[in-house]
Amino acid sequence: MRKKIVAGNWKMNLEYAEGVSLFSEIVNMVRDERNGDQLAVICAPFIHLNSLVQLGTDVVGIGAQNCHQKESGAYTGEISAKMIKSVGCGYVIIGHSERRQYFAETDELLAEKTNIALANGLVPLFCIGETLDERNNGSYFEVLKTQLEKGLFGLSAEDFAKVVIAYEPVWAIGTGLTATAEQAQEVHAFIRKEIAAKYDEAIADGTTILYGGSCNPKNAAELFAQPDIDGGLIGGASLKSRDFVDIVKTFNA
Ligand code: PEP
């Protein structure tokens with residue numbers, strides 16, 4: 001059985017005390033209310049990671065939102081996968097569309113980041129997704145296939161099996177527009193088919209594929225009920241403890 005995961009992405013939000021407070025609320029609510037084996041993860045800005053790990057990785061996993069592609073060195077202002085691992089994090093988001101768009105991160109660079117994350121024992125939450133134009137002009141399967149091939153399909157089967165994929169249509173991120181359950185399921189099934197073609201059916205079956213894009217407590221149940229949707233990557237709604245935990249609980253509601 002593949003893992004069911006609901007991961008929050010706080011993006012560039014929350015001062016130190018606000019992060020501690022929100023995370024404490026989330027941990028307590030998940031501890032009291034969790035009703036299944038779904039996994040909650042919070043991906044926070046770097047300044048929060050060390051203190052969040054002290055507050056409860058047994059209940060909620062902790063991840064970063066980016067890492068540098070090199071092991072260490074003269075890269076002023078950057079953070080390595082090894083550093084992220086050293087504070088006790090288990091996850092790192094790689095290839096979020098905001099990093100692709102605003103920081104010009106290419107598929108080739110993201111392949112390097114994925115390699116270094118895996119080499120340091122972090123689970124990459126690897127994001128792919130098409131723009132609105134690409135959806136409207138019908139090229140989205142090609143776009144997603146290229147992102148998979150260049151970003152992930154250079155991995156050995158053993159390494160690929162450790163990766164979590166997040167399908168995040170760019171037009172749905174932070175816009176209030178959500179892919180319909182049918183649209184999301186269509187793409188998730190496509191991703192799984194591509195994985196089976198590249199690796200094998202067992203690896204495809206075992207890969208956790210999350211949906212992200214304006215997911216909230218109201219639409220999560222229908223999305224997560226789809227056979228190829230194994231959870232969500234949640235932006236805005238992860239900044240509200242009640243909403244985030246309600247999404248986590250959707251699996252066994
Ligand atoms: C995201 O940033 O990964 C995301 C899905 O954001 P939102 O839920 O706010 O659309």
Side-chain angles (χ1 to χ4, degrees), residues 1-9 34-41 43 60-61 63 90-97 107 110-111 113-115 117-130 140-169 172 178-213 215 219-234 247-253:
M1 270 300 281
R2 48 189 181 253
K3 279 202 190 85
K4 306 285 188 196
I5 300 177
V6 176
N9 173 14
R34 184 161 61 171
N35 48 9
D37 58 1
Q38 68 276 29
L39 186 65
V41 174
C43 297
V60 179
Y91 302 84
V92 60
I93 297 176
I94 302 215
H96 191 281
S97 65
D107 292 319
L110 298 173
K113 291 189 177 203
T114 303
N115 276 327
L118 287 166
N120 285 282
L122 294 170
V123 173
L125 305 178
F126 190 91
C127 302
I128 61 174
E130 80 283 0
Y140 58 101
F141 286 131
E142 256 334 287
V143 168
L144 295 165
K145 189 172 175 182
T146 301
Q147 290 175 349
L148 285 172
E149 284 177 350
K150 292 191 174 170
L152 289 179
F153 285 177
L155 293 172
S156 66
E158 193 192 337
D159 274 345
F160 182 85
K162 298 173 189 154
V163 173
V164 169
I165 295 176
Y167 167 56
E168 298 210 302
T178 316
T180 63
E182 292 72 32
Q183 285 173 322
Q185 167 57 26
E186 180 193 39
V187 169
H188 283 232
F190 169 78
I191 294 169
R192 211 175 293 288
K193 189 173 71 64
E194 292 299 314
I195 298 169
K198 167 68 191 172
Y199 296 98
D200 61 35
E201 289 287 343
I203 290 181
D205 256 10
T207 303
T208 296
I209 309 176
L210 311 180
Y211 168 78
C215 194
N219 59 29
E222 198 189 349
L223 286 160
F224 296 176
Q226 302 304 310
D228 288 295
I229 300 184
D230 308 310
L233 182 53
I234 318 295
I247 296 172
V248 173
K249 287 167 64 182
T250 298
F251 280 119
N252 292 348

*Asks:* Mind checking ring pair (Phe, Tyr, Trp, His ring centres under 6.0 Å) for Phe190 and listing every partner two or more places apart, or none if nothing turns up?
*Replies:*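 Scan of Phe190 (ring pair (Phe, Tyr, Trp, His ring centres under 6.0 Å), adjacent residues dropped) gives Phe141.
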*Asks:* Can you find a heavy atom in the side chain of Thr207 that is under 4.5 Å from one in the side chain of Val163?
*Replies:*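 The answer is no, as the side chains (C-beta and beyond) never meet within the 4.5 Å cut-off.
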*Asks:* Does the side chain of Thr178 reach to within under 4.5 Å of the side chain of Thr180, using non-hydrogen atoms?
*Replies:*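 The answer is no, as the side chains (C-beta and beyond) never meet within the 4.5 Å cut-off.
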*Asks:* Strictly by modelled atom types, are Glu130 and Tyr167 linked by a side-chain donor-acceptor pair under 3.5 Å?
*Replies:*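 Indeed, the side chains of Glu130 and Tyr167 share at least one donor-acceptor pair under 3.5 Å.
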*Asks:* Test of understanding: with side chain to side chain contact (heavy atoms under 4.5 Å, CB included), list the residues that count as partners of Ala204, not counting sequence neighbours.
*Replies:*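 For Ala204 the side chain to side chain contact (heavy atoms under 4.5 Å, CB included) partners, ignoring immediate neighbours, are Arg192, Ile195, Ala196.
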*Asks:* For the aromatic rings, using the six-membered ring if either is Trp, is the centroid distance between Tyr199 and Phe153 under 6.0 Å?
*Replies:*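 Yes, the ring of Tyr199 comes within the 6.0 Å limit of the ring of Phe153, centre to centre.
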*Asks:* Who are the side chain to side chain donor-acceptor pair (under 3.5 Å) partners of Tyr91, not counting sequence neighbours?
*Replies:*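 With sequence neighbours excluded, Tyr91 shows a side chain to side chain donor-acceptor pair (under 3.5 Å) to no residue whatsoever.
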*Asks:* Taking the side chain as every heavy atom from C-beta outward, state whether Leu118 and Lys162 have any atom pair closer than 4.5 Å.
*Replies:*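 Side chain of Leu118 against side chain of Lys162, heavy atoms only: contact under 4.5 Å found.
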*Asks:* With a 3.5 Å cut-off and no angle check, do the side chains of Asp228 and Gln185 form a donor-acceptor pair?
*Replies:*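 A donor-acceptor contact under 3.5 Å links the two side chains.
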*Asks:* Quick one, Leu152 and Ile165 - any side-chain contact, counting heavy atoms below 4.5 Å?
*Replies:*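 Yes; the side chains approach each other to less than 4.5 Å.
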*Asks:* Are side-chain heavy atoms of Asn219 and Tyr211 found at a separation under 4.5 Å?
*Replies:*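 They are not in contact (no side-chain heavy atoms under 4.5 Å apart), so the answer is no.
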*Asks:* Can Tyr140 and Gln183 be said to form a side chain to side chain donor-acceptor pair (under 3.5 Å), step by step?
*Replies:* CA-CA 11 Å; Tyr140 58 101; Gln183 285 173 322; over 6 Å; no
*Asks:* Under 4.5 Å between any side-chain heavy atoms of Glu201 and Lys193, yes or no?
*Replies:*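 Not in contact.
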*Asks:* Below 4.5 Å, heavy atoms only, C-beta onward: do Asn9 and Ile93 meet side chain to side chain?
*Replies:*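 Yes, their side chains come closer than 4.5 Å.
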*Asks:* Please tell me if the side chains of Ile247 and Phe224 come closer than 4.5 Å, counting only heavy atoms from C-beta onward.
*Replies:*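 A side-chain contact under 4.5 Å exists here.
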